[in-house]
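Read the structure below first, then the notes.
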Amino acid sequence: MISEAGTLACTAAGGLVVDVEGERYRIEAGDVKSLIFSGRPAQVVRERHEGGTGLTIEGYAAVNPAGRAVVIRVRAGAWIVPLVSFRRVACGEAVSAPLSPSCGAVQCAVKFTGRSRSSPAADT
């Protein structure tokens with residue numbers, strides 16, 4: 001069985017918590033609503049405890065071009081969750097949803113043994 005890369009969970013205030021690689025990020029309730037209903041990208045923030053207090057914007061969450069998934073990008077990487085699962089967690093219908101690592105252009109090139117898909121050597 002494949003272990004989850006991270007989880008997406010709902011907060012009591014209506015926002016979302018994103019747990020990935022030992023880090024905890026948040027998406028505020030207003031940003032979640034605008035992401036779901038109007039497709040606007042949402043800020044992903046993290047609380048800073050070491051050296052000071054406050055929130056820092058660490059990345060963003062946006063609906064992918066096909067409109068079927070939400071991509072969450074932070075400094076540590078990118079993860080993807082189906083839009084249906086994202087909506088169910090945001091509405092409180094589900095407690096959590098698993099996140100899967102997103103295959104960005106750089107990550108995909110590494111998967112193909114370090115060769116670019118557009119190079120002639122990749123076809124051999």
Side-chain angles (χ1 to χ4, degrees):
M1 185 169 147
I2 299 173
S3 64
E4 326 180 319
T7 57
L8 180 72
C10 188
T11 65
L16 296 175
V17 174
V18 180
D19 270 329
V20 287
E21 296 182 0
E23 298 288 334
R24 181 168 280 199
Y25 303 97
R26 291 188 320 185
I27 304 173
E28 299 297 325
D31 291 337
V32 171
K33 287 179 186 177
S34 67
L35 176 65
I36 291 172
F37 294 114
S38 62
R40 287 178 158 155
Q43 296 176 357
V44 177
V45 296
R46 183 170 67 132
E47 289 186 29
R48 292 284 184 178
H49 294 290
E50 70 282 343
T53 60
L55 299 175
T56 59
I57 298 172
E58 294 286 326
Y60 66 92
V63 177
N64 75 342
R68 294 184 178 186
V70 173
V71 179
I72 300 170
R73 293 187 188 276
V74 293
R75 294 179 188 187
W79 293 269
I80 193 166
V81 61
L83 183 59
V84 172
S85 298
F86 186 89
R87 290 172 89 174
R88 289 186 69 215
V89 172
C91 294
E93 294 175 8
V95 176
S96 65
L99 297 173
S100 302
S102 176
C103 183
V106 174
Q107 293 170 337
C108 284
V110 171
K111 285 183 180 179
F112 293 105
T113 64
R115 294 179 291 187
S116 171
R117 292 289 289 162
S118 61
S119 71
D123 294 332
T124 59

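By convention here, the first residue in the shown sequence is residue 1.
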Problem set entry | Qualifying residues under side-chain contact (heavy atoms from CB on, under 4.5 Å), relative to Thr11, sequence neighbours excluded | Ala13, Val17
Problem set entry | Set of residues satisfying side-chain contact (heavy atoms from CB on, under 4.5 Å) with respect to Leu83, sequence neighbours excluded | Val70, Arg87
Seminar exercise, completed: Contacts of Gln43 meeting side-chain hydrogen bond (donor to acceptor under 3.5 Å, both in side chains) (sequence neighbours excluded), chain-then-number -> none
For this session: Measure across Ala61 and Val44 and return the closest heavy-atom pair with its distance rounded to 0.1 Å.
Result: N-CG2, 3.8 Å
Exercise. Yes or no on side chain to side chain contact (heavy atoms under 4.5 Å, CB included) for Val63 and Phe86, after CA distance, side-chain angles and deciding distance?
Worked result: CA-CA 10 Å; Val63 177; Phe86 186 89; over 6 Å; no
For this session: Return the set of residues passing side-chain hydrogen bond (donor to acceptor under 3.5 Å, both in side chains) with Asn64 (not counting sequence neighbours), or none when no residue passes.
Result: none
Exercise. Under the 3.5 angstrom rule, does the side chain of Ser38 hit a backbone N or O of Ser34 as a donor-acceptor pair?
Worked result: yes
For this session: Mind running side chain to side chain contact (heavy atoms under 4.5 Å, CB included) on Leu55 and Arg46 for me, showing each step along the way?
Result: CA-CA 6 Å; Leu55 299 175; Arg46 183 170 67 132; over 6 Å; no
Exercise. Mind checking what makes side-chain hydrogen bond (donor to acceptor under 3.5 Å, both in side chains) contact with Arg24, not counting sequence neighbours?
Worked result: Asp19
Exercise. Remaining members of Val71's ILVMFWY cluster at a side-chain heavy-atom cut-off under 4.5 Å?
Worked result: Ile80
Using distance only, find each side-chain donor-acceptor pair of residues 89-98 under 3.5 Å and give its atom names and separation, not counting sequence neighbours.
none

For this session: Kindly indicate whether the side chain of Val45, heavy atoms from C-beta on, has any atom under 4.5 Å from the side chain of Tyr25.
Result: no
Problem set entry | Derivation of the side chain to side chain contact (heavy atoms under 4.5 Å, CB included) call for Leu99 and Val18 | CA-CA 9 Å; Leu99 297 173; Val18 180; 3.6 Å; yes
For this session: Go through the structure and list residues passing side-chain hydrogen bond (donor to acceptor under 3.5 Å, both in side chains) with Thr56, not counting sequence neighbours.
Result: Arg48, Glu58
Exercise. Going by atom types only, do Tyr60 and Arg73 share a side-chain donor-acceptor pair under 3.5 Å?
Worked result: yes
Problem set entry | Side chain proximity check, Leu8 to Trp79, heavy atoms < 4.5 angstrom | no
Seminar exercise, completed: Across all chains, not counting sequence neighbours, the salt bridge (charged side-chain N to carboxylate O under 4.0 Å, His left out) partners of Glu21 are none
For this session: Measure the CG-CD1 distance between Leu16 and Ile72 for me, rounded to the nearest 0.5 Å.
Result: 8.0 Å
For this session: With sequence neighbours left out, write down each residue that passes salt bridge (charged side-chain N to carboxylate O under 4.0 Å, His left out) with Arg68, or none if nothing qualifies.
Result: none
